[in-house]
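Notes follow once the structure below has been shown.
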Amino acid sequence: MEIKIKSRKDIERIALTPFLAKTALISITDYKYKFPDLKNRPDYILQLAFDDVDNDVFEDEIGGIPTESQRIFIEEKYHMLSDGQAKQIANFYKDICANVDIIICQCEHGQSRSAAIAAAIMEYSNKNGIEIFASHNYYPNKTVFKKVLNKLQNKV
């Protein structure tokens with residue numbers, strides 16, 4: 001299975017023509033933003049909205065490791081990837097992986113959230129997610145990576 005990482009601009013350009021058969025798209029947009037304008041749609045699509053914020057916000061906000069209630073409050077305040085959204089990504093992947101040849105992970109700039117999701121899927125499926133972290137083209141959001149990988153592995 002091929003995993004691609006794309007930006008909003010890339011996916012809108014790609015969607016001007018029909019997608020290849022057996023393609024899935026995990027599309028991430030910023031909170032309260034519209035999803036990309038897709039003239040054509042792939043066979044499978046998951047669209048989620050959350051901002052590109054990582055766990056550094058906990059240190060900035062409360063000066064350390066949050067309690068569970070503080071974590072939930074801060075995640076909602078900054079529109080971070082929720083546990084429920086991470087589970088949606090994991091379930092989507094598990095539901096479609098046997099039926100697709102291409103998974104496109106897309107976010108606004110195609111560098112952080114989409115790269116983190118692609119890395120988590122690659123790490124889960126064939127232990128090579130490090131390739132995304134090693135690339136100078138991407139800056140994967142570590143919080144998104146950890147949450148999605150944990151849900152793929154059925155961890156809390």
Side-chain angles (χ1 to χ4, degrees), residues 1 3-12 15 23-38 41-42 44-97 100 102-156:
M1 172 184 322
I3 298 178
K4 298 179 179 186
I5 301 167
K6 300 293 180 186
S7 69
R8 171 186 286 271
K9 186 186 329 183
D10 291 338
I11 205 67
E12 288 179 338
T23 296
L25 171 63
I26 300 172
S27 179
I28 308 302
T29 194
D30 292 339
Y31 182 73
K32 290 194 174 181
Y33 275 50
K34 291 182 179 180
F35 288 100
D37 181 23
L38 304 178
R41 295 174 70 85
Y44 306 92
I45 187 168
L46 175 65
Q47 295 178 311
L48 296 171
F50 58 89
D51 288 336
D52 191 9
V53 181
D54 66 21
N55 284 345
D56 291 345
V57 73
F58 297 127
E59 186 69 33
D60 296 342
E61 188 80 10
I62 61 168
I65 298 171
T67 65
E68 184 64 11
S69 62
Q70 287 173 321
R71 180 186 69 82
I72 291 168
F73 174 79
I74 292 169
E75 285 180 352
E76 289 175 358
K77 177 180 177 180
Y78 290 100
H79 312 291
M80 296 172 72
L81 171 71
S82 70
D83 292 337
Q85 289 172 317
K87 187 174 177 105
Q88 281 182 276
I89 294 167
N91 289 344
F92 178 77
Y93 171 75
K94 289 177 181 180
D95 289 346
I96 57 97
C97 67
V100 299
I102 301 168
I103 295 179
I104 302 171
C105 299
Q106 170 267 313
C107 66
E108 294 301 317
H109 299 286
Q111 296 178 331
S112 182
R113 291 166 290 176
S114 57
I117 293 166
I121 291 170
M122 291 168 63
E123 187 64 24
Y124 173 74
S125 61
N126 42 13
K127 304 288 185 226
N128 65 344
I130 191 69
E131 291 177 13
I132 302 297
F133 283 91
S135 172
H136 295 291
N137 296 322
Y138 307 113
Y139 307 95
N141 180 310
K142 292 177 188 168
T143 301
V144 172
F145 171 79
K146 288 176 188 174
K147 280 189 166 192
V148 172
L149 182 59
N150 283 340
K151 294 302 180 184
L152 286 165
Q153 296 171 335
N154 294 318
K155 295 181 182 176
V156 174

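Heavy-atom basis, side chains included; hydrogens, waters and symmetry copies ignored. Numbers here are sequence positions counted from 1. Just so it is clear, the structure is predicted and the values come from calculations on it, not from any experiment.
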D10 vs I104, side chain to side chain contact (heavy atoms under 4.5 Å, CB included): CA-CA, chis, key distance, verdict: CA-CA 11 Å; D10 291 338; I104 302 171; over 6 Å; no
* **Intermediate values then yes/no, side chain to side chain contact (heavy atoms under 4.5 Å, CB included), I103 and I96** => CA-CA 9 Å; I103 295 179; I96 57 97; 4.0 Å; yes
Kindly determine whether I132 and I3 satisfy side chain to side chain contact (heavy atoms under 4.5 Å, CB included), including the steps that lead there.
CA-CA 11 Å; I132 302 297; I3 298 178; over 6 Å; no
| task | Kindly determine whether I65 and F58 satisfy side chain to side chain contact (heavy atoms under 4.5 Å, CB included), including the steps that lead there. | result | CA-CA 7 Å; I65 298 171; F58 297 127; over 6 Å; no
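A salt bridge links D83 with R71; the closest basic N to acidic carboxylate O contact falls under 4.0 Å. Ion pair D54/K147 not flagged as a salt bridge, since none of the NZ, NE, NH1 or NH2 atoms sits closer than 4.0 Å to an Asp/Glu carboxylate oxygen.
At a cut-off of 3.5 Å, with distance as the only test, a side-chain donor of E61 or Y78 sits close to an acceptor on the other residue. Side-chain atoms of Q106 and S7 include no donor-acceptor pair closer than 3.5 Å.
Taken to the nearest 0.5 Å, the SG atom of C105 stands 10.0 Å off from the CD1 atom of I11. Taken to the nearest 0.5 Å, the CZ atom of R8 stands 9.5 Å off from the NZ atom of K34. L25 contributes atom CG, which lies 11.5 Å from atom CD1 of I102 (distance to the nearest 0.5 angstrom). A distance of 10.5 Å separates CG of D95 from CG of L46, quoted to the nearest 0.5 Å. For the atom pair CD of E75 and OG of S82, the computed distance is 7.5 Å after rounding to the nearest 0.5 Å. Distance check: Y138 OH to I5 CD1 gives 4.0 Å after rounding to the nearest 0.5 Å.
Residues S125 and C97 form no side-chain contact, since every pair of their non-hydrogen atoms from C-beta on lies 4.5 Å or further apart. In this structure the side chain of I28 never reaches within 4.5 angstrom of the side chain of V144, judged on heavy atoms. Counting only heavy atoms from C-beta outward, the side chains of I45 and L38 approach each other to under 4.5 Å.
For the pair N55 and T143, the tightest heavy-atom approach, listed with the atom from each and the gap, is N-OG1, 2.8 Å. Listed here is the closest heavy atom pair of V100 and T23: CG1-C, 4.4 Å. Nearest heavy-atom pair, T29 versus E108, reported as atom, atom and distance to 0.1 Å: OG1-OE2, 2.7 Å. Of all heavy-atom pairs spanning F133 and A119, the tightest one is CE1-CB, 3.8 Å. Looking at every heavy atom in both residues, K94 comes nearest to L152 through NZ-O, 2.8 Å. The minimum heavy-atom distance linking A86 with L81 is given by the pair N-CD1, 3.7 Å.
Listed for the Q111 side chain is no donor-acceptor partner under 3.5 Å among the backbone atoms of Y139.
A side chain to side chain donor-acceptor pair (under 3.5 Å) with R113 is found for one member of D52, D51, D30, N141 and no other, namely D30.
Relative orientation of the H79 and Y31 rings is parallel, given thresholds of 30° and 60° on the angle between their planes.
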